Structure formats: C-alpha cells, structure tokens
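Reviewing the structure listed below.
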Amino acid sequence: MIEWVSLRTGARPVPQPVSTPVVWATAFGGALVLVALHNTLVGSDRPGFALAALSLRAALLGLCARFTAAPGTAVLCWLILNGFAIPPAGTLTWAGHRDTFWLTCLCAAALVGTVLARIGQARAAYRRIAAEAPIPPTDPDPGPFGL
C-alpha cells in the first residue's frame with residue numbers, strides 16, 4: 001500500500017528551475033558568443049566544433065531549466081549556428097538532413113541536461129528524507145529492575 005506523505009513539513013523541497021525566458025535569453029546570448037569565438041579561432045568552414053560547443057552549452061543550461069525550455073533552447077542555438085557558423089553568414093538556410101541532425105543534437109543535449117539535473121535532485125531529496133527517518137522510540141518504562 002502506498003502512503004502519501006507531505007514532503008514540505010520536514011524535508012527541504014527540490015530547488016525550483018530557472019524561468020524559461022531567462023534560460024532562452026542565456027541560450028541566445030551564449031550561442032552568439034560561442035559562435036563568434038568559433039568563427040574567430042576556427043573559422044566558419046567547420047561547423048562541427050560549433051555544434052559540439054553549443055550542444056554542451058544546451059546541456060549545461062538544461063541543468064537549471066524546465067523540460068519545457070529544451071525545445072526553445074535547441075531552436076535558439078540552431079538559429080545562431082545556422083545563421084552565423086556556416087557560410088554565408090547572416091543567412092538562414094535549411095539543408096534537410098544536416099539541420100535535422102543539428103536540431104536533434106541540440107534538443108537531446110538540453111533534455112539530457114534536464115534529466116540529469118532531475119535525477120540528481122531526486123537522489124539528494126531521497127537522501128535528505130532517508131537521513132531524517134524517525135528512530136523508533138525505546139520503551140520509556142523499562143520496569144522495576146530495568147528488564
């Protein structure tokens with residue numbers, strides 16, 4: 001039988017994720033910086049490095065975001081990647097297989113980051129609850145001779 005217990009009474013609640021607009025603004029600004037850095041150091045003829053960096057950024061943003069922010073994060077990173085990391089810079093294009101793969105990688109990275117954060121928070125909450133488990137009381141009246 002399952003017994004429902006309110007966790008707010010004794011255990012600390014799981015931290016709240018960052019709001020979605022903040023995550024999206026961070027994804028957009030960070031993607032611009034990463035792609036500009038990539039174009040300066042590597043050049044725009046190798047977008048694979050930019051994809052890897054943006055996927056890592058999406059995963060890191062997923063650690064503090066809600067699940068609903070993952071698709072938007074992936075699309076924002078893809079827009080910057082497609083618009084500025086491949087020639088001609090500043091022009092959005094759609095190459096079916098390539099862009100589908102890029103969007104899939106970015107969305108999967110954001111979702112993996114979010115899932116890892118939720119698993120870590122659930123484990124930490126379980127440890128807090130398990131550490132606060134009540135110890136069964138001993139018999140307060142041991143008898144006349146302590147038996």
Side-chain angles (χ1 to χ4, degrees), residues 1-140:
M1 173 126 190
I2 297 175
E3 180 181 338
W4 295 99
V5 179
S6 175
L7 298 178
R8 294 182 187 241
T9 57
R12 292 178 289 168
V14 175
Q16 288 293 326
V18 177
S19 67
T20 301
V22 172
V23 171
W24 287 348
T26 307
F28 185 75
L32 280 174
V33 170
L34 280 174
V35 169
L37 186 65
H38 171 266
N39 286 344
T40 303
L41 297 177
V42 179
S44 62
D45 57 342
R46 291 184 177 172
F49 292 121
L51 175 64
L54 289 174
S55 295
L56 180 61
R57 175 114 180 121
L60 291 176
L61 283 172
L63 292 175
C64 61
R66 302 176 193 278
F67 278 108
T68 55
T73 302
V75 168
L76 286 170
C77 290
W78 172 80
L79 284 172
I80 300 301
L81 178 65
N82 191 358
F84 299 107
I86 59 172
T91 304
L92 289 177
T93 59
W94 180 263
H97 297 297
R98 180 195 70 195
D99 289 320
T100 304
F101 176 72
W102 286 358
L103 278 169
T104 303
C105 285
L106 291 166
C107 193
L111 287 173
V112 164
T114 306
V115 166
L116 289 176
R118 296 303 170 269
I119 290 172
Q121 290 169 355
R123 290 186 68 194
Y126 175 76
R127 287 185 184 140
R128 285 191 300 268
I129 291 170
E132 295 176 5
I135 300 172
T138 57
D139 187 16

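The shown structure was predicted, so the numbers you read here are calculated from the model rather than taken from an experiment.
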Can you measure from [atom1] ([X]) to [atom2] ([Y]) and round to the nearest 0.5 angstrom?
{"X": "Q121", "Y": "L63", "atom1": "CD", "atom2": "CG", "result": "9.0 Å"}
{"X": "I86", "Y": "L51", "atom1": "CD1", "atom2": "CG", "result": "11.0 Å"}
{"X": "N82", "Y": "C77", "atom1": "CG", "atom2": "SG", "result": "12.5 Å"}

Filter on side-chain hydrogen bond (donor to acceptor under 3.5 Å, both in side chains), then keep only pairs touching residues 102-118, sequence neighbours left out; what's left?
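Non-adjacent pairs meeting side-chain hydrogen bond (donor to acceptor under 3.5 Å, both in side chains): zero.
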
With a 4.5 Å cut-off on side-chain heavy atoms, are [Y] and [X] touching?
{"X": "L106", "Y": "T73", "answer": "no"}
{"X": "V42", "Y": "L37", "answer": "no"}
{"X": "T26", "Y": "R57", "answer": "yes"}
{"X": "V35", "Y": "L54", "answer": "yes"}
{"X": "L103", "Y": "T100", "answer": "no"}
{"X": "T93", "Y": "R98", "answer": "yes"}

Test ring pair (Phe, Tyr, Trp, His ring centres under 6.0 Å) applied to W78 - qualifying residues, sequence neighbours left out:
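With sequence neighbours excluded, W78 shows a ring pair (Phe, Tyr, Trp, His ring centres under 6.0 Å) to W94, given in chain and number order.
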
Crowding at CZ, F67 (>12 non-hydrogen neighbours, <6.0 Å):
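For F67, atom CZ is crowded (more than 12 foreign heavy atoms under 6.0 Å).
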
Closest non-hydrogen atom pair between [X] and [Y], with its separation:
{"X": "V23", "Y": "L61", "value": "O-CD1, 4.1 Å"}
{"X": "P71", "Y": "C107", "value": "CA-SG, 4.3 Å"}
{"X": "A109", "Y": "S55", "value": "CB-O, 3.2 Å"}
{"X": "P47", "Y": "A85", "value": "CB-O, 4.1 Å"}

Is it the case that the side chain of H38 and the backbone of G48 share a donor-acceptor pair, with hydrogens and angles ignored and the cut-off at 3.5 Å?
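It does not hold such a pair.
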
